[in-house]
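What follows is a set of notes on a single structure, which appears directly below.
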Amino acid sequence: MKSLPQLKIYNTLTRKKEVFTPLEAGKVKMYVCGITVYDLCHLGHARVMVAFDMITRYLRTRGYEVNYVRNITDIDDKILKRADENNETIGELTERMIKAMHEDEAKLGVLRPDSEPRATAYITEIINLIQTLEEKGYAYAASNGDVYYRVRKFENYGQLTNRNLDEMQAGSRVEVDSFKEDPLDFVLWKAAKPTEASWPSPWGDGRPGWHIECSAMSTCCLGNTFDIHGGGPDLPFPHHENEIAQSEAATGQKYVNTWMHAGAVRVDQEKMSKSLGNFFTIRDVLEKYDAEVIRYLLLASHYRSAINYAESALQDARKNLERFYTALQNIKPVENADLVASAGEWRSQFFSAMDDDFNTPEAFAVLFDLARSLNRAGLQDDQPLTEALAFELRDLGGIMGMLQQDADDFLKGKALTRQQSINPDVIETLIEKRLLAKQDRNFAEADRIREELESQGILLKDTKDGTSWTKAS
RNA sequence: GGCUGGAUGGCAGAGUGGUCAUGCAGCGGAUUGCAAAUCCGUCAACGCCGGUUCGAUUCCGACUCCAGCCUCCA
């Protein structure tokens, strides 16, 4: 890519879109908060995974060398509890869930991050970080064995989410823990009960608090200061606020330049979340819809806006994708940039949409426009242009991790036919029978066969090249 | 109560100080033995009240409503 306009990214810290300038020209260091692996991933997790996958892909397309780090929290209270309930070790539980997460991601077309550090592999670094904080007076060991962060000592506390410490305290619903110096202090190291998994430390056996692991892993993997830190909508407070406090207190340097947060997935206007119990796992949805339909649904709205999950939204997403794949069906894509360039300006429009804080809905609008031109070229029997536009459509779609399937497979609903009893061979046989009927001008019989298949969800299309079929939506 | 976002046509969803978002759905036409797909055309919107402006859906202020965070949550 040669000199493009500037890439702008919305920064939660400044609440503005800003021109993105990495610390080191051409390189992007990005850390995203991953998940706590005690259960299957739901669509809220999928949103974050897909959003930052799209962002990484686009940054790379734009020529940046991206180092994408996303952690795995494999030790925490909920993991202990769940492992105990399941009567398995925490290692067994977390391995199982990590494997499931990787399978789900792969289906959604999410590329693996460059590294996925696990909290339990960074205990030494975490302890070192806490020691540094203790030496600088930002951490203290309490009489119960826990180590806490002294929030009031960090002057800029609250910068990310605009919090005022005194007002927070006034409205605080947090129970006052008598071991803390101040109710706002949060735990860095948690003393273990005798039977709990634990690691030795200068403060006794225990485990890391939630926030400290991200400070340790991000700075270990990317340096004291890095370009982008991302996560879900529920993380700015307290998690990211606490990360800033820990990291900047320890290093004395700015922690992160650009903070990015994905929007929520809602169900009936309420946030999808584990605590509300209104979540759908990625697996639930994959039972009924192709993974790319989910990916499209997630990318058809801007990554920062809330989206409402509903059956009808998935159906709409599938219809929209069908339009793309219908345009691509039975066409061999052939690269021909000159021919494409002489016909339209889709590529530059696509890039300017994406340059504007990754505006995928607008990018899709460009692709729909491209699809229309492709269909038009087909009507005019302009084969070279048709093939070139098909290539362009797939190529631009690929930047978002979309439109890479075989069109015929998608339209025949390969992911749906699992539940269908009808066999493709049977369909082909009926199509042949119908062809013979048509040749005899026995249209009544031809229509009967069409209707028979239609009642089983199969749609026939007669074209000049013969009859093909798709799965009705 | 504090702090963030948001309110766009039947639905979803971008965007803009003054002619087009886009997709689905609808309507009319082309095409088709029929149908589907496709193409052409078409309908239709900017929560409410003020202000700035020649002109505001877009900027500013008030209001109403919705959501998120303030407690583990992506």
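What you are looking at is a predicted structure, and each value in this text was computed from that prediction instead of being measured. To find a chain, count down the sequence lines: A is the first, B the second, and so on, and within it residues start at 1.
- Thr161(A) contributes no side-chain N or O that forms a donor-acceptor pair with the base of rC69(B) under 3.5 Å.
- Paired runs in RNA chain B that reach 3 or more consecutive Watson-Crick or G-U pairs, where each pair keeps both distances under 3.5 Å, cover B:1-7 with B:64-70, B:10-12 with B:22-24, B:26-30 with B:38-42, B:49-51 with B:59-61.
- Separating the OH atom of Tyr296(A) from the P atom of rG13(B) is a distance of 11 Å, rounded to the nearest angstrom.
- For the residue pair Asn156(A) / Glu248(A), no side-chain donor-acceptor distance below 3.5 Å is found, with atom types taken as modelled.
- Rounded to a whole angstrom, the distance from the C1' atom of rA45(B) to that of rA25(B) is 16 Å.
- With 3.5 Å as the limit, one finds a donor-acceptor pair spanning the side chains of Tyr255(A) and Glu243(A).
- Within residues 70-78 of chain A, the residues having any heavy atom under 4.0 Å from RNA chain B are, by residue number, Lys78(A).
- Remark on RNA chain B: of its neighbouring residues Ala300(A) and Ser373(A), the 5'-side contact belongs to Ala300(A), judged by nearest-heavy-atom nucleotide.
- Going from the P atom of rG15(B) to that of rU8(B) covers 14 Å, rounded to whole Å.
- Between the side chains of Gln315(A) and Arg318(A), no donor-acceptor pair is found at a separation under 3.5 Å.
- Nucleotides rA37(B) and rU32(B) are separated by 11 Å at their C1' atoms, to the nearest Å.
- Straight-line distance from the NE2 atom of His302(A) to the P atom of rU8(B): 17 Å, rounded to whole Å.
- Going from the C1' atom of rG28(B) to that of rC46(B) covers 27 Å, rounded to whole Å.
- Distance CZ (Phe368(A)) to C1' (rG13(B)): 11 Å, rounded to an integer number of Å.
- Position along RNA chain B of the nearest nucleotide to Lys438(A) versus Ser305(A) favours Ser305(A) as the more 5'-ward residue.
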List the steps and the verdict of side chain to side chain donor-acceptor pair (under 3.5 Å) for Tyr325(A) and Asp408(A). CA-CA 8 Å; Tyr325(A) 278 118; Asp408(A) 224 40; over 6 Å; no

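- rC69(B) sits 46 Å from rC27(B) when the C1' atoms are compared, rounded to a whole Å.
- Within the cation-pi definition used here (under 6.0 Å to the ring centroid, within 45° of the axis), Arg304(A) qualifies as a partner of Tyr10(A).
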Stepwise, does the ring pair (Phe, Tyr, Trp, His ring centres under 6.0 Å) test hold for Phe364(A) with Tyr296(A)? CA-CA 10 Å; Phe364(A) 275 120; Tyr296(A) 180 85; 4.7 Å; yes

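- Atom OH of Tyr38(A) and atom P of rC73(B) are 9 Å apart (whole Å).
- A distance-only check finds a donor-acceptor pair linking the side chain of Asn11(A) to the backbone of Asn257(A) [under 3.5 Å].
- Shown here is Glu432(A), whose CD atom has no more than 12 heavy atoms of other residues, nucleotides or ligands within 6.0 Å.
- Taking atom P on both nucleotides, rC34(B) is separated from rG29(B) by 15 Å, rounded to a whole Å.
- The separation of rC70(B) from rG17(B), taken at their P atoms, amounts to 35 Å, rounded to a whole angstrom.
- Scanning atom types as modelled, one donor and one acceptor separated by under 3.5 angstrom connect the side chain of Asp462(A) and the base of rC34(B).
- No hydrogens or angles were tested; on distance alone, a donor-acceptor pair under 3.5 Å links the side chain of Arg434(A) to the base of rG33(B).
- On a pure distance criterion of 3.5 Å, a polar donor-acceptor pair joins the side chain of Asp447(A) and the base of rG33(B).
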Test Asp39(A) against Lys78(A) for salt bridge (Lys or Arg N to Asp or Glu O under 4.0 Å), laying out the working first. CA-CA 10 Å; Asp39(A) 207 343; Lys78(A) 278 174 305 219; over 6 Å; no

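- A ring-centre distance under 6.0 Å is not found for Phe52(A) and Tyr68(A).
- Between Trp210(A) and the phosphate of rC73(B), there is a side-chain N or O to OP1/OP2 separation shorter than 4.0 Å.
- Going from the C1' atom of rA14(B) to that of rU53(B) covers 26 Å, rounded to whole Å.
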Which is it for Glu95(A) and Arg118(A) under the salt bridge (Lys or Arg N to Asp or Glu O under 4.0 Å) test, yes or no, and what are the steps along the way? CA-CA 11 Å; Glu95(A) 281 306 318; Arg118(A) 301 181 188 192; 2.7 Å; yes

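- Side-chain atoms of Thr73(A) and Glu213(A) form a donor-acceptor pair, as typed in the model, at a separation below 3.5 Å.
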Close N or O pairs between protein and nucleotides 62-68 of chain B (under 3.5 Å):
| from | atom 1 | to | atom 2 | distance (Å) |
| --- | --- | --- | --- | --- |
| rA67(B) | O2' | Arg266(A) | NE | 3.1 |
| rA67(B) | O2' | Arg266(A) | NH2 | 3.0 |
| rG68(B) | OP1 | Lys271(A) | N | 3.1 |

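- If you check distances only, the side chain of Arg450(A) does reach the base of rC34(B) with a donor-acceptor pair under 3.5 Å.
- Counting only distance, with no hydrogens or angles, the side chain of Arg112(A) and the backbone of His102(A) share no donor-acceptor pair below 3.5 Å.
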